[in-house]
Amino acid sequence: MNRRGFIGGALALLAGATAGLKAKLAKAASRIRPPGAKLGDFERRCIRCFRCAEVCPPKAIRFHSGLDFFSADLPFLELDARGCILCMKCTEVCPTSALEPTPGDPAAVQAKVKMGKPVLDRKKCIPWAGQGVCRICFYACPYAGSAVVLVGPQQAPLFEPEKCVGCGLCEEACPKLAHAIRIVPPEVKG
Amino acid sequence: MRRNPLRAILGTAMSRRRALQLAQLAGLGACGAGLGLFGKKALAEREVKGTCRICTMHCGVIATSRGSRLLRVEGDPASQTKGFVCHHGWALREVVHSHHRIRRPLRREEGGFREVPWEQALAEIASRLNQVKAQYGPQALAIQTGWPFVRHPLIHMLHRFCQAFGTPNLATVASQCEAAGRMGKALTYGSNARADLRHARTLVVWGANPTFTAPPFAHLCEAMSLDGKKLIVVDPIRTELAERATLHLQVRPGSDGALALAMAQVLLSLGLYHKHAEEAVGFEEFRLLAAQFPPERAAEVTSVPAAKIAEAARMFAQHGPASVWDGLGIEHHRSGLQTVRAVAALSALCGYVDVPGGAQLMNRPGPGFFGELLPPLYRLATPEPLPPKAQARPIGYEEIPLYEVFNRQAQGMLFPRAILEDKPYPLRALILIGSNALVTSPGSARMLEAAEKLELLVTVDPFLTASGERSDYVLPAATFAEAVEVGPGEEDAKVARSSLVPEQHQSWPDWKVLFELARALGLGRYFPWGSFQEAIDAPRVPFMRDESRALTPLAAAPGTPLPRFPTPSGRIELRSGTMERFGAPPLPEWTEPGEKPTAEFPFILLTGPRTRPYINSQFRRIPSIAGKMPEPLAELHPEAARRAGVKDGQRVAVVSLRGRIVLRARVTERIHPETVVLPAGWENANANLLTDGGQLDPLTGFPAYRSLTCRVEPA
């Protein structure tokens, strides 16, 4: 191997690593953190004690792999599989206040918690596409009537991102054949 | 020369070939280890189609499970409900896998419950039941079932069990739910009837809230105010549906009968009725009765302006065909049955019975006619060998004959009296199956006292309910998701192929509990089946007919067409001969509620309208549902709150003659200004501590849940 080849190869490797790293960071940033997480500060405060997952009644909290260089063992929620029931027990047990302690009272939760915001794909949503009656997101929503309202003769859901706390119960409940709702982290563009 | 580390370690000659061979071996080993780690293949997910039996809508669902774990429940697009499922069905997996479920049979001992094996629990229950039987007679046992057994084929088997034991006292949830509506319509049209949402141009939702109680039909009701159709809502609460309504009559609780008679008066005085209505039995007498309620007088009684009453009556008659969706709101009063009849009379006057868009008779003369006036919820049938008939009469047979005639059951509201006062005979053992009677029956304080006096109280339930906590034995029942499924029809008790998930812990499906208890009691010869499928498939014969009190519709003379309505007279009966026969006032008279607001108790107490999250006393420990309404709220109008001196969000005491409960107030303009609305089914703020188990509709035995009085004060 000559010098030129070596430098070229090293540059290519670096570019590839940067791209990979960027994708990895973007993926970590697109994860929904448990309720009460102060974004930006959360990664620094979390000591990876797993207590949040221990108390979580629906066992909704999952973790990045321990081999993951940047976000090893950080908790996140996979709302597609399991939504957060907003009991706020994880914020009570968090020893470092990485999850800000919040009472499990619906009004307090709505005022303080912002895990994500809903993005609805109207082409897939059953009532918006004119394929029938559904409303399951409306029934699943803890703030039905404010975070989601039903509009029109089809009673299609209309989300109010300002009022939504991003618990993901709607995303979990959205029928698999539609899969129209996605909760995205607050600052990520849907 | 470079050193070869491997060679240094192994101390042997290391050729390149040898190294490659070694690498191959290592690769194989790694593969084997990998298989060992990941080769425990996750159990395959399986999908089962079934029916959600949480409420009586019976939506088709597809359940995804892995092993014994239910992962997801979704609507089945191929079913009758076309893929609809609400938050209850969706929360099924939380119900099935709840940490609060009972795992093994429990026996109450000093200082708490102890787990005992099934065989022991059943043997002990059987021996104590036999003791009660020897001491007080077999009729001292009563079985009360709850909401899960509405339209459930196990009812046949429960009747069979009771007859085999020798007791006539089976009470279902019909003692306080829906039966008055069925009876009222049957006494007027000859059959139960339902609204025809598809063809009606006007829908009257009277004392019902389909948005919460019948979610699959909610959109159809809401759409009734669009496209030139009309929606009239009669409700003391401005419900979500009432907000969309063309006309909302905010009636004072308990005065619906007067409102219906006033509307009839408008129809009759303006000549807006159908020309065939005059053929109805008792038309002239009904006209005289309605004449006592001109809209001006009714306005005082009902607090609905006279002009609005007249407008509603005109809209009902002229914008037809019209259907009425009536609910429990008109049944839970002292004159509940008569109110249902008065409302039914409106459809009869306008000729909306048995026409498209009007009241659809569910038991019409013609092919498939049952040949009896309103058969019991199930036409009771049972396989051979027939158990002997119980000697005693069911509780309520003498005092409330109409209820027994139509339902062939004991009236469960009279159980506390039978326990405490030995009227008509002592009741000493009670089995609650899927029922939380100590919370959901009126007058809980008296009910608790009765429970203390019982010699044996058994609860069969998946959860430890408030009733379970006071029981001598609690048997863990499987939820419907764990039992083989029963068909959606009433008559065709088809049994599905498989349950949605296997049985959890040591819970048994209800049929197994019943059959095994029968065997423990020595009644195994009446229950020879090993599965519910076999029991359902066995050929059956009619069962528990009472010819002496049978209500037979008019039979057609040979060669003539069938009578139009399956009543004893063959016509619509505004004046009911059947009611006269059983000593009840034959015309749909309205009587005032038993309690009127006084200075001490200035508000009307309305308990038990369905809230969106809960059904009766269920789901309080299911997180995704409990999160929607963590605590009970007493709702009252701002004007009422001002009079009572309470604020929104404040903890208040609601006091009636019977008791006092403390809960948080919600001040909202949705409520009628003279009314306080309490949700039912909460153990910690039980609205039934305020209701009265003695204030019953004398014709049906239905409790007056919705027209008592109370006061509100800061707690």
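Remark: Lys647(B) NZ is loosely packed, at most 12 non-hydrogen atoms of other residues, nucleotides or ligands lying under 6.0 Å away. Lys22(A) NZ: 12 or fewer foreign heavy atoms inside a 6.0 Å radius. Within a 6.0 Å radius of NZ in Lys89(A), no more than 12 heavy atoms belonging to other residues, nucleotides or ligands are found. The local environment of CZ in Arg194(B) is sparse, with at most 12 non-hydrogen atoms from other residues, nucleotides or ligands closer than 6.0 Å. When the shell of 6.0 Å around CZ of Phe217(B) is examined, it contains 12 or fewer heavy atoms from other residues, nucleotides or ligands.
Of the two parts of Pro175(A), the backbone and the side chain both hold a non-hydrogen atom closer than 4.5 Å to a non-hydrogen atom of chain B. Heavy atoms closer than 4.5 Å to chain A are found nowhere in Ser225(B), neither backbone nor side chain. Contacts of Cys174(A) with chain B are made by backbone atoms alone, with heavy-atom separations under 4.5 Å and no side-chain atom involved. There is no contact between Gln154(A) and chain B, counting heavy-atom distances below 4.5 Å. Neither the backbone nor the side chain of Tyr143(A) has a heavy atom closer than 4.5 Å to any heavy atom of chain B.
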Anything under 3.5 Å between a donor and an acceptor, one on a side chain of residues 621-630 of chain B, the other on a protein residue two or more places apart or in another chain? List them.
residue: Arg621(B); atom: NH1; partner: Leu464(B); partner atom: O; Å: 3.1
residue: Arg621(B); atom: NH2; partner: Leu464(B); partner atom: O; Å: 2.8
residue: Ser624(B); atom: OG; partner: Glu94(B); partner atom: OE1; Å: 3.4
residue: Ser624(B); atom: OG; partner: Glu94(B); partner atom: OE2; Å: 2.9
residue: Lys628(B); atom: NZ; partner: Tyr139(A); partner atom: O; Å: 2.7
residue: Lys628(B); atom: NZ; partner: Ala140(A); partner atom: O; Å: 2.7

Pairs under 3.5 angstrom only: tabulate donor-acceptor contacts from the side chains of residues 118-131 of chain A to other protein residues two or more places apart or in another chain.
residue: Asp121(A); atom: OD1; partner: Lys123(A); partner atom: N; Å: 3.1
residue: Trp128(A); atom: NE1; partner: Pro157(A); partner atom: O; Å: 2.8

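Counting heavy-atom pairs closer than 4.5 Å to chain B, the top-ranked of the candidates Cys167(A), Gly145(A), Ala81(A), Cys141(A) is Cys141(A). Note: Val133(A) leads Val133(A), Val109(A), Leu150(A) in heavy-atom pairs under 4.5 Å with chain B. Contacts with chain A were tallied for Gly83(B), Ala91(B), Pro215(B); Pro215(B) has the most, counting heavy-atom pairs under 4.5 Å. Listed options Arg612(B), His88(B), Glu631(B) were ranked by heavy-atom pairs under 4.5 angstrom with chain A; first place goes to Arg612(B). The choice from Asp105(A), Ile85(A), Leu86(A), Ile136(A) that makes the most heavy-atom pairs within less than 4.5 Å of chain B is Ile136(A).
Side-chain contact between Leu177(A) and Pro77(B) is present, with heavy atoms from C-beta onward closer than 4.5 Å. Side-chain contact between Trp90(B) and Leu169(A) is present, with at least one heavy-atom pair separated by less than 4.5 Å.
Nearest approach of Glu222(B) to Arg135(A), heavy atoms of both residues: OE1-NH2, 3.1 Å. Annotation for Arg72(B) and Asp80(A): closest pair NH1-O, 4.1 Å, computed over non-hydrogen atoms.
How far NZ of Lys82(B) is from SG of Cys134(A): 14.5 Å, rounded to the nearest 0.5 Å.
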